**Q** 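Below is a structure I'd like to ask you about.
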2 protein chains.
Amino acid sequence: MDAEQAAKTKLKEIGMRITPQRVLILKNIIAMNGHLTAEEIHRELPSFITLATVYNNLKYFAELNLINELSFGSSCSKYELADTSHYHVICESCQQIADFNYPLLNEVEYAAAQVAHFKVHRHTLEFYGLCQECKKKK
Amino acid sequence: MDAEQAAKTKLKEIGMRITPQRVLILKNIIAMNGHLTAEEIHRELPSFITLATVYNNLKYFAELNLINELSFGSSCSKYELADTSHYHVICESCQQIADFNYPLLNEVEYAAAQVAHFKVHRHTLEFYGLCQECKKKK
DNA sequence: TTTGTTGCAAATCATTTGCAAGTTC
DNA sequence: GAACTTGCAAATGATTTGCAACAAA
């Protein structure tokens, strides 16, 4: 299935109206497969799509758990598809984000829920440091 | 040692000039011992201290690892003293943050550093869900 | 007395919103 | 046709900055 079909399918699954704007935004997130800012996504889209529309839809998508909003580090949020489980390694110098695949810490999540008396449904784990290039520069 | 002395000592340790503003800001963070926004800290201070001064100093303190900046969840950052190691449990409904004491995941940090080819010096772990009260309301 | 810090006001920048016109179901 | 989306432009709100006066070392 290509990115366009995948985008439409996902929109249908979560019960959102299928507009050309949404299909294009989501298709790009799927195709680019990274950690993108609203600006970066907008830049790839045909110019009839407003940045405001991008922001509004990213917000909806995130609320419906279609994408994750990553708000650590730099001043603006980054977005990624929510279909794989992984953690993040972030360079404090150049802000790049690398994915880190590792078994989910479900026992820790369970312990946190017990101790804090929360109903926990997800967790994130971020590592901060210097990437290889920035390491060399210092 | 009281909060005021502790604040002065910490400032000296990291080699910052000791101004009344800094002592008061840091003293309040120590005394209030929570997860505070710049606004909340500012509100507790005598009125001759500007919000801009609070922001600027929080930024310095965070860069020098005296405090942690927590930028997840809500629109504005929260700050906490950086002297204890713990993780966070966040309520997605009311935004409250609870601390969760748990042994640090050093082996995972090591694995992440190896895999990503980063020099990692710290990590954070956040659990998202609903606190007891918000759980009831739903 | 040199260098860093503050207050003030204005600027910035990411993100959100109101509303009328256009679309989807 | 009813309910939802969009574009546009303006608003918002957190955070930062320039600069002259002031304070710490």
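Computed from a predicted model, the values in this text were never measured in an experiment. Below, chains carry the letters A, B, ... as their sequence lines are ordered, and counting in each starts from 1.
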**Q** Among D:dA24, C:dC8, D:dT15, which nucleotide sits nearest the side chain of B:P20?
**A** D:dA24

**Q** Ignoring the backbone of A:N56, work out which of C:dT24, D:dT16, C:dT17 is nearest its side chain.
**A**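 From the listed options, C:dT17 comes nearest.
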
**Q** How long is the line joining CG of B:L70 and P of D:dT15, in whole Å?
**A** 12 Å

**Q** Within this structure, what is the CG-to-C1' distance between B:L45 and C:dG7, rounded to whole angstrom?
**A**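 Nearest whole value for this atom pair: 14 Å.
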
**Q** Without decimals, in angstroms, what is the distance between A:L11 CG and C:dC25 C1'?
**A** 14 Å

**Q** Report the nucleotide, chosen from D:dT5, C:dT16, C:dA9, that has the shortest atom-to-atom distance to any side-chain atom of B:A52.
**A**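 Out of D:dT5, C:dT16, C:dA9, the nucleotide with an atom closest to B:A52's side chain is C:dA9.
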
**Q** Quick one: A:K8 NZ to C:dT24 P, roughly how many Å, whole number?
**A** 11 Å

**Q** Is a donor from one side chain sitting under 3.5 angstrom from an acceptor on the other, for B:H35 and B:Q95?
**A**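 The answer is no; no qualifying pair exists.
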
**Q** Hey, is the side chain of A:T53 poking within less than 4.0 Å of OP1 or OP2 on D:dG7, counting only N and O atoms?
**A**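 So the side chain of A:T53 is within the cut-off, an N or O lying under 4.0 Å from OP1 or OP2 of D:dG7.
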
**Q** So B:N57, base contact, sugar-phosphate only, or nothing? Heavy-atom distance under 4.0 Å.
**A**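 Counting heavy atoms under 4.0 Å across all strands, the contact made by B:N57 is with sugar-phosphate only.
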
**Q** If you count heavy atoms of other groups shown closer than 6.0 angstrom to OH of A:Y110, is the number above 12?
**A** no

**Q** If you find the nucleotide of DNA chain D closest to B:M16 and the one closest to A:T50, which residue's nucleotide is nearer the 5' end?
**A**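 Looking at DNA chain D, the more 5' nearest nucleotide goes with A:T50.
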
**Q** Between B:T37 and A:F48, which has a closest nucleotide on DNA chain D that is more 5'?
**A** A:F48

**Q** Identify whether any heavy atom of A:S77 sits under 4.0 Å from a base atom; if not, whether one sits that close to sugar-phosphate; answer base, sugar-phosphate or nothing.
**A**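 The answer is sugar-phosphate, as A:S77 gets under 4.0 Å only of primed atoms, P, OP1 or OP2.
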
**Q** Quiz question: going by heavy-atom distance under 3.5 Å, is there a donor-acceptor pair between the base of C:dT3 and the side chain of B:R17?
**A** yes

**Q** Go through D:dA24, D:dG7, C:dT17 for me and flag the one nearest to the A:K59 side chain.
**A** C:dT17

**Q** Could you tell me the separation between the CG atom of A:L58 and the P atom of C:dT16, rounded to a whole number of Å?
**A**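 Going from CG in A:L58 over to P in C:dT16 covers 10 Å.
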
**Q** Which nucleotide wins on minimum distance to the side chain of A:T19, given the candidates D:dA25, D:dG7, D:dT5?
**A** D:dT5

**Q** Where does the angle between the aromatic ring planes of A:F72 and A:H88 fall among parallel (under 30°), tilted (30 to 60°) and perpendicular (over 60°)?
**A**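 A:F72 and A:H88: tilted rings.
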
**Q** Tell me whether the count of non-hydrogen atoms from other residues, nucleotides or ligands lying under 6.0 Å of NZ in A:K135 goes above 12.
**A**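 Count over threshold, so yes.
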
**Q** Of all the choices, D:dT15, C:dT15, C:dT6, which nucleotide is nearest to the side chain of B:R22 once you look at every atom?
**A** C:dT6

**Q** Provide, to the nearest angstrom, the distance between the OH atom belonging to A:Y55 and the P atom belonging to D:dT6.
**A**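 Computing the A:Y55:OH to D:dT6:P distance gives 16 Å.
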
**Q** In Å, rounded to the nearest 0.5 Å, how long is the span from CG of A:N68 to OG1 of A:T124?
**A**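 Here the interatomic distance stands at 9.0 Å.
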
**Q** Can you tell me how far P of D:dA23 sits from CD of B:Q21, to the nearest Å?
**A** 10 Å

**Q** Roughly, in whole Å, what's the span from CD1 in B:I25 to C1' in C:dG7?
**A**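 From B:I25 CD1 to C:dG7 C1': 13 Å.
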
